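Have a look at the structure below, then the notes.
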Amino acid sequence: MEAARKWHGLAIVGSIVALGAGAAALSPGASATSPSHSCANKPVTLKIEDGMGGTTNYKTTVKTITVQGVSCTSTYKFLVALLNNKSKTLPEKYKCKIGHFKTPLGYFPQVCTKTGVKVQFAQQGG
């Protein structure tokens with residue numbers, strides 16, 4: 001009877017160690033990929049030079065916004081900075097390229113990434 005209790009206690013300790021090892025093995029993979037989520041369409045007003053020394057406001061909407069590793073609020077700030085950028089350099093050290101996902105007619109897909117962050121959206125034009 002005493003031997004059975006000894007093995008029972010050893011089995012419990014072994015189970016706890018195995019669960020801890022399993023959790024440690026899964027946690028690096030779980031933290032490396034954050035879930036992606038969709039953000040609402042964002043209306044953006046662009047300032048376009050009119051050729052006579054002034055600017056004209058042009059309203060457009062950025063659609064199909066999906067983000068990973070960043071909030072929608074900071075994504076909206078990034079998109080406004082990206083689309084109104086006059087210096088032709090990407091803000092916040094992002095790298096952008098043409099995306100490959102479904103977009104509404106008249107919009108073209110773009111994907112911007114930096115370490116741990118991915119923003120994909122559809123911009124009017126093309």
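From a predicted model like this one, the values you see are computed outputs, not experimental measurements.
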Which donor-acceptor pairs under 3.5 Å do side chains of residues 71-80 form with protein atoms, sequence neighbours excluded?
residue: Ser71; atom: OG; partner: Ser74; partner atom: N; Å: 3.3
residue: Ser71; atom: OG; partner: Ser74; partner atom: OG; Å: 3.1
residue: Ser74; atom: OG; partner: Ser71; partner atom: O; Å: 3.2
residue: Thr75; atom: OG1; partner: Ser71; partner atom: O; Å: 2.8
residue: Tyr76; atom: OH; partner: Ala40; partner atom: N; Å: 3.1
residue: Tyr76; atom: OH; partner: Ala40; partner atom: O; Å: 3.0

After noting the C-alpha distance and the side-chain angles of Val44 and Lys42, does the key distance pass the side chain to side chain contact (heavy atoms under 4.5 Å, CB included) rule?
CA-CA 6 Å; Val44 178; Lys42 175 68 176 168; 3.9 Å; yes
Using the side chain to side chain donor-acceptor pair (under 3.5 Å) rule, take Thr55 and Glu49 through it: C-alpha gap first, then chi angles, then the decisive distance, then the call.
CA-CA 4 Å; Thr55 59; Glu49 294 179 12; over 6 Å; no
Side chain to side chain contact (heavy atoms under 4.5 Å, CB included) between Phe101 and Gln120: does it pass, once the steps are laid out?
CA-CA 9 Å; Phe101 56 93; Gln120 66 181 29; 3.7 Å; yes
Any side-chain heavy-atom pair of Pro43 and Thr60 under 4.5 Å
no
Any side-chain heavy-atom pair of Thr66 and His37 under 4.5 Å
no
Rounding to 0.5 Å, atoms CG (Asn41) and CZ (Phe121) come to a distance of 13.0 Å
Atom of Leu83, atom of Gln123 and distance for their closest heavy-atom approach:
CD2-NE2, 3.2 Å
Which heavy atom of Leu46 sits nearest to which heavy atom of Asn84, and what is that distance?
CA-OD1, 3.3 Å
Show me, pair by pair, the donor-acceptor contacts under 3.5 angstrom made by side chains of residues 102-115, not counting sequence neighbours?
residue: Thr103; atom: OG1; partner: Tyr107; partner atom: O; Å: 3.1

Val67 vs Cys39, test: side chain to side chain contact (heavy atoms under 4.5 Å, CB included). Steps then yes/no.
CA-CA 7 Å; Val67 297; Cys39 299; 3.8 Å; yes
